[in-house]
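Scroll down for the structure; my scribbles are underneath it.
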Amino acid sequence: MEKAAFEGWLESVSATFLTLNDQQRNQSLDHLISLSGAAQLRHLSNGLETLLKRDFLRLLPLELAFYLLRWLDPQTLLTCCLVCKQWNKVINSCTEVWQGVCRELGWKTDETIQDASHWKGVYLKAKLRMMQLKDQEAFETSSLIGHSARVYALYYKDGLLCTGSDDLSAKLWDVRTGQCIYGIQTHTCATVKFDEQKLVTGSFDNTIACWEWSTGAKIQQFRGHTGAGWFQCCAVISLSRIGNVKLLLIFCYQVILQKSEVESMMHSPGDYILLSADKYEIKVWPLGREINCKCLKTLSVSEDRSISLQPRLQFDGRYIICSSDLGVYQWDFASFEILRVIKMQDPANLSLLSFGEVFALLFDNHFLYVMDLRTEAISGRWPLPAYRKSKRGSSFLAGVTSWLNGLDGGNDSGLVFATSMPDHSIHLVLWKENG
């Protein structure tokens, strides 16, 4: 066919094709394809690839490419990195994308670090750690052996664990090495607190004593209580700066002395707050120089006292958290209103160990649990031996708790959980090194 005649025919066919509906157009194309030979099919394939398989990451401005990448899930992002060098380069230069997927896993992100490859590496490490939690491979265990009678008191700080025993001794351990740093003769220890130089113990003989680690000498002794009961010695040696309050001994389940970080109906940020809890109520007290202080606020989970609180009270300056027979309750300190109630399948046996912004640490008679507070789902668990139980909760404690506010790639190390055993040893659960 001559060129002029072909162009006229093509124009006529094109005009007719535009008048067809979609189904008729598809039938026309199918018919033309069935009449085509190898040369025509090859030409069609090359043309379609250019039209339908455009490399948008190469063609779009980086800002638009980064915006689109933020909609992809992490596994798809990793797969896209394998497409070609250009895609890998673009994806690995998008800091916001990798910071976002890290936050979705509950990991903290430092906005000052704008290196995308760093955050990709953090994500891969985070993903591995979360898989280890799920597969019961995130932790390891060890034991501290040295006491010859019941270990009733435990206290952990900065990699050091203090233990108080009915064998009339207290020991200070390096958790990382398992070595006993100090061992001194004391009275029976119901509770212990320490710093680098001194140890404060509360005893079942209703006395409190202060000891020097280096010599084992008793520096001070306090007498005055005569009744038996559950008590906690809230001894913080550096508290002289807030007045005459240096040591508190209160007959109740638990006592907390903590700075407020928010303004409440009764306190300003920076004020020291004293909280106490018994079996049914949490009380907020003023901290001044008055001898007979009146309670400022009482919190409870049931007016008829039908629901009991467990001795697991926590206060971080913003939120009050306590576990109960129904589950874990969280109050807003600014308004004293209940923010949430985390109900669990077996709350009578499942107890709160520690509570953060992202994760919570719980345990029962058989397992240690890590809960993702954003979904209230269990992220992982770890088997526990038959540890020695105490009603006051002194025979077990949480170790490093900063990771509960979000893992950051560096705080998933050290002690997770410690408990005393029937054979008088201390069972430790520690983070396994993240490979």
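For clarity, every value in this text was computed on a predicted model and none was experimentally measured. Numbers here are sequence positions counted from 1.
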Problem set entry | E111 backbone acceptor or donor facing Q114 side chain under 3.5 Å | yes
Exercise. Any idea which heavy atoms bring K125 and D412 closest together, and the distance?
Worked result: CE-OD2, 4.5 Å
Exercise. When you measure from the side chain of S45 to the backbone N and O of L41, does any donor-acceptor pair fall under 3.5 Å?
Worked result: no
Problem set entry | Any side-chain heavy-atom pair of R150 and S420 under 4.5 Å | no
For this session: Please round to the nearest 0.5 Å and tell me the distance separating atom CD1 of I307 and atom OG of S324.
Result: 6.0 Å
Exercise. If you measure only the distance, is there a donor-acceptor pair under 3.5 Å linking the side chains of S395 and T419?
Worked result: no
Problem set entry | Any side-chain heavy-atom pair of L373 and L404 under 4.5 Å | no
Exercise. Nearest 0.5 Å, what's the CG-SG distance between L77 and C94?
Worked result: 8.5 Å
Exercise. When you measure from the side chain of N411 to the backbone N and O of G406, does any donor-acceptor pair fall under 3.5 Å?
Worked result: yes
Exercise. Going through the checks in order, is the side-chain contact (heavy atoms from CB on, under 4.5 Å) test met by V301 and D325?
Worked result: CA-CA 10 Å; V301 295; D325 291 344; over 6 Å; no
For this session: Would you name the heavy atoms of A418 and L161 that are closest together and state the gap between them?
Result: CB-CD2, 4.3 Å
Exercise. Side chains of K198 and Q220: donor-acceptor distance under 3.5 Å anywhere?
Worked result: no
Exercise. Should F194 and L160 count as side-chain neighbours, where that means a heavy-atom distance under 4.5 Å?
Worked result: yes
For this session: State whether the number of non-hydrogen atoms from other residues, nucleotides or ligands found under 6.0 Å of E281 atom CD is greater than 12.
Result: yes
Problem set entry | Check: F139 ring centre within less than 6.0 Å of F417 ring centre | no
Exercise. Counting only heavy atoms not in E303, do more than 12 sit closer than 6.0 Å to its CD atom?
Worked result: no
Exercise. Could you give the distance from CG (L78) to CG (L72), rounded to the nearest 0.5 Å?
Worked result: 11.0 Å
For this session: Check whether more than 12 heavy atoms from other residues, nucleotides or ligands sit under 6.0 Å from atom NZ of K89, and answer yes or no.
Result: no
For this session: Calculate, to the nearest 0.5 Å, the distance between atoms CG and CG belonging to N92 and D115 respectively.
Result: 10.0 Å
For this session: Taking the side chain as every heavy atom from C-beta outward, state whether L407 and V358 have any atom pair closer than 4.5 Å.
Result: no
Problem set entry | pair H187-W211: side-chain heavy atoms closer than 4.5 Å | yes
For this session: Show your working on ring pair (Phe, Tyr, Trp, His ring centres under 6.0 Å) between Y319 and F355 and close with a plain yes or no.
Result: CA-CA 10 Å; Y319 306 110; F355 194 95; 8.4 Å; no
Seminar exercise, completed: From the list L172, L154, V192, side-chain contact (heavy atoms from CB on, under 4.5 Å) with T163 holds only for L154
Exercise. Should Q197 and S214 count as side-chain neighbours, where that means a heavy-atom distance under 4.5 Å?
Worked result: no
For this session: Mind running side-chain contact (heavy atoms from CB on, under 4.5 Å) on V370 and L361 for me, showing each step along the way?
Result: CA-CA 5 Å; V370 177; L361 199 59; 3.9 Å; yes
Problem set entry | Heavy-atom check, side chain of L326 versus side chain of V341, under 4.5 Å | no
Seminar exercise, completed: Heavy-atom closest pair (C189 atom, T186 atom, distance to 0.1 Å) is SG-OG1, 3.5 Å
Seminar exercise, completed: Of all heavy-atom pairs linking W119 and I113, the shortest is NE1-O, 2.8 Å
Exercise. Between K218 and Q185, does a side-chain contact (heavy atoms from CB on, under 4.5 Å) hold up when you go through it step by step?
Worked result: CA-CA 9 Å; K218 184 190 295 185; Q185 293 299 307; over 6 Å; no
Problem set entry | Between CD1 on residue I426 and NE2 on residue H147, distance to nearest 0.5 Å | 6.0 Å
For this session: Report the relative orientation of the aromatic rings in Y329 and W331; use parallel for angles under 30°, tilted for 30 to 60°, perpendicular for over 60°.
Result: parallel
Problem set entry | R70 CZ: over 12 foreign heavy atoms closer than 6.0 Å | yes
Problem set entry | Closest heavy-atom pair and its distance - S425, I145 | CB-CG1, 4.1 Å
Problem set entry | Contact list for residues 371-386, test salt bridge (Lys or Arg N to Asp or Glu O under 4.0 Å), sequence neighbours left out | R340-E376, D372-R374
For this session: Starting from the C-alpha separation in whole Å, work towards a yes-or-no answer on side-chain contact (heavy atoms from CB on, under 4.5 Å) for L352 and I342.
Result: CA-CA 11 Å; L352 173 68; I342 303 175; over 6 Å; no
Seminar exercise, completed: Taken to the nearest 0.5 Å, the spacing of L430 CG from E140 CD works out to 6.0 Å
Problem set entry | Any side-chain heavy-atom pair of V97 and K120 under 4.5 Å | no
Exercise. In terms of the angle between their ring planes, are W403 and F359 parallel, tilted or perpendicular, with boundaries placed at 30° and 60°?
Worked result: tilted
Exercise. Taking all atoms of both residues into account, what is the closest heavy-atom pair of C102 and V122, and its distance?
Worked result: SG-CG1, 3.8 Å
